[in-house]
Structures are given as C-alpha cells and as structure tokens.
Amino acid sequence: MTSAPVETDDELLLRMQSGDEEAFLTLYRRRQAGLFRFALHMSGSMPVAEDVTQEVFLALLREDCGFDPDRGTLSGYLFGIARKLVLRHLERGRSHVALDTDSDDYAQPELAVLDDPLLDLTRREGIDALRRAVQALPRRYREVVVLCDLEEVDYADAAVALGCPIGTVRSRLHRARGLLLEKLHQERNPRQALGTLKPVRCVS
Amino acid sequence: MNCQEFWSTIPELGDCEGHRHLLECPACAARMNRHRELEAGFRAVAAGLRRVEAPPRVEARLRSAFRRQTGSETIASSRRWIPVATWAAAFAAMFALAAFLVRERQPAAVVPPVQRTIELAMLQPQADYEGFIPLPNAAGLVADEDDVNLVRVEVPRSAMIALGLRLQRHRARRAFLELAVWPEKEELRCVSQLLP
Ligand SMILES: [Zn+2]
C-alpha cells in the first residue's frame, strides 16, 4: 500500500482559499520554522521573529495577497514577505541587529590569503563564532547566507524572496562567504587581521 | 586556467572535486578547503537551530484569524469537507425549497439538526443581490415557466469548486447560486451564480 502523495504548497493554498482550515494549518506547519529562523537570524530578536512569522501568514490570508505562481514558488514568496517585514522592523530600529550598508561594493572578499586554519566550525566555539560572523554581515549578505546556506533555500526561490536575479544571488553569496572567512580569520588572528581591515578595491 | 578563471567558472563548490587547477595551485586548494570548512560550519549552525520554530501561540492566533476571516467558527475542517460541502449545498437547496413551500410556518423549524456542515450553506431565500450571471447551459430554461420556484442559496467557495463551477482565482470565499425548482417534477437545476 502506497502512502498518499504529499500535497504541494500550491494545492494547499488553493484549498486554504476555499476555506479549508486544515490546509492552512498544514501550510503553516510546513513553512513556519524556516520563516521564523530567517527572521530570527535577520533581526536577532525572538519577538520580532514571532511577529514576522505571524504577519507573513496573515498576509497570505488576505484575498489580495499577490502571490503569482508564474513568478515563483510559494516558499520564495513567503520568504519575500518575511524579508520585507524584517526590513521594516530593522528600519524602525527596534531590532537587535544594526542596519548597515546596502552597497554591493561594501567589501571585496578574498583579499587576504588566509594561510592558517580556521576555528573548527563544527565545534561549539567555531559554531558560535560563525553565528556571530553571520549576524555581523551587512544586511544584504546576511540575508542571502541565511536563505541559501542556513535554510537551504534554492537560488531560484532566494531570487524571488530577495527580488533580484539569480546571478545576483550567486555573486552576493560568493562575496558573503568571502566576508565570513575574512571575519573568522580576523577573530582567530586579531593582530594579523589589522592589515586586512581596509578593503582594497581592485580595478578589473 | 588561472586562479581568477577558476573561481569565476566553478558554479558550486561540490562540483570541483579533483579539479585540475586545485591539484596544481596550492593557494586555491587552501582557499577551497576554507570554503568547505565554512559549508560544514553552516550545516552545524543549521543543525543546532533545527528545532527553533515559532511558539505554538502563533498557530493558535492564526487559526483564530482564519476562522474569523472565513466566518467558519462552525466548520468541521477535514479533507472530507469538500465533498460534504457539495452535499451540503444540495441539502441546503432542498431545505430552501421546503422553506419556500411552507413559508407560512417558522422557517427555523424546517432546518433539521443534521450535520454541522449543513450550516455552511446558509439559506438565503430573500437574498436580493444584484448581478447573478446565468450559467451557459441554463439560458432560457426558466423563462416562461409558470410552475418554477427560484431559490437563492449561499455556498462556500469549496462547494462551488466541487460542483465544477468556474471561479476566479484568489477571489470570493463564498458564492450564491440561484436554483430553479420544479415541485411538480421534483426537479432542481442551478441556473445562475453570483460571486460577490
Ligand atoms: Zn589558483
């Protein structure tokens, strides 16, 4: 005997819009944790993450929620709403993570040749350092790392959520990882890192 | 291939295992190792947060909001709801007919205490909404009939879907059906619909 196929998000959404509460709750239970963690990483605040998660699904309940399946998956769309809500919180300055530069030119990663080993990032100390480093990333790098590297959202969905082309997702991710490596290197070697604090612009 | 070309051409870290450039270039090999360590770190961070999720009160609040929105405090929610709703609509029509035929009596007495789902289809015998659109195959059906009664019932959107009636996407959560009832022939047809 085979088990029933899992309903897609779109199928659940359609049933939900027909007034089916169970479909709504199934959708909520399937998607809430990722959205909550995304908001938590982005804001550094549990109450904000809770607020954002709730608001995302309240937005979905609205008849004019604006989801268009032709433009991407529901998951990407929900992350997109969550992102906008988080940004609103950050702009109000009620969150624990400071706003930072939005420029893609913020830094040039991979500047330093990092010869010595990183902390072991799979052990407690290393995990904490990595979390701090992610939190300290400029917002537009932080969001792409949280989506793609921590929540394992695929690039296409991340592009929907961030409202940018997939190529931009890839390049930001690349830069973000470079920034993280640099940050972790600095943490490990504070003195040596002094020389690499000022990013050098490369003219290509 | 130089270092820059290597880094600009590899699409994903996982795809470059044993790449010739990595075998030839210790600097890039070291850098690649850092990226792999970073990936392992991401997995460790994610694993540590796997159980972090919204507190249960969020679900409770959303459930309430959903019920307020759909006006479905009494809805028995389950996957069987759609076919049941179809029957609910049909039952409702029959009750409407009964109410229509015996309208001298108390209408409330006509609605029997059957399944809760029947409450979904609210009887609207006096609904005077404008804009009912005749169904394509029902045009002219009741034009000159003398012995036909028209009954309007409110049904949830899911019942409309289950009945195979066209609905605009993302729109009305309920709809009205106009039913033509021929008491003599014990026949009932849906002749027009209204999506508010
Ligand atoms: Zn190289």
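Quick note on labels: first sequence line is chain A, next is B, and so on, each numbered from 1. This is a predicted model, so every value here is computed, not measured. The figures that follow rest on heavy atoms only: side chains count, while hydrogens, waters and symmetry mates do not.
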- Task: For a side chain to side chain contact (heavy atoms under 4.5 Å, CB included) with B/Phe42, tell me which candidate from A/Ile127, A/Leu150, A/Val146 qualifies.
- Result: A/Leu150
- Task: Would you name the heavy atoms of B/Arg50 and A/Arg37 that are closest together and state the gap between them?
- Result: O-NH1, 3.2 Å
- Query: What closest approach, in Å, do A/Thr53 and B/Ala54 show between heavy atoms, and which atom pair accounts for it?
  - Reply: CG2-CB, 4.1 Å
Nearest-0.5 Å distance that lies between atom [atom1] in [X] and atom [atom2] in [Y]:
{"X": "B/Leu49", "Y": "A/Leu40", "atom1": "CG", "atom2": "CG", "answer": "7.5 Å"}
{"X": "A/Asp20", "Y": "B/Thr70", "atom1": "CG", "atom2": "OG1", "answer": "10.0 Å"}
{"X": "B/Arg68", "Y": "A/Leu61", "atom1": "CZ", "atom2": "CG", "answer": "9.5 Å"}
{"X": "B/Arg34", "Y": "A/His185", "atom1": "CZ", "atom2": "NE2", "answer": "8.5 Å"}
{"X": "B/Gln69", "Y": "A/Phe24", "atom1": "CD", "atom2": "CZ", "answer": "8.5 Å"}
{"X": "A/Leu25", "Y": "B/Arg63", "atom1": "CG", "atom2": "CZ", "answer": "4.5 Å"}

- Item | salt bridge (Lys or Arg N to Asp or Glu O under 4.0 Å) between B/Arg61 and A/Glu50, worked out | CA-CA 11 Å; B/Arg61 285 187 215 128; A/Glu50 181 177 334; 3.1 Å; yes
- Message: I'd like to know whether B/Val45 forms a side chain to side chain contact (heavy atoms under 4.5 Å, CB included) with A/Asp149, so could you lay out the CA-CA distance, the side-chain angles of the two residues, the decisive distance to 0.1 Å, and finally the verdict.
- Response: CA-CA 10 Å; B/Val45 170; A/Asp149 286 332; over 6 Å; no
- Counting only heavy atoms not in A/Arg131, do more than 12 fall under 6.0 Å of its CZ? no
- Query: Based on non-hydrogen pairs under 4.5 Å, which of B/Pro55, B/Ala40, B/Ala65 is most in contact with chain A?
  - Reply: B/Pro55
- Task: Indicate yes or no: at least one non-hydrogen side-chain atom of B/Val58 is less than 4.5 angstrom from one of A/Tyr28.
- Result: yes
- Report yes if the side chains of A/Leu181 and B/His35 come closer than 4.5 Å at any heavy-atom pair, otherwise no. yes
- Item | Contact class of B/Arg57 relative to chain A, heavy atoms under 4.5 angstrom | side chain
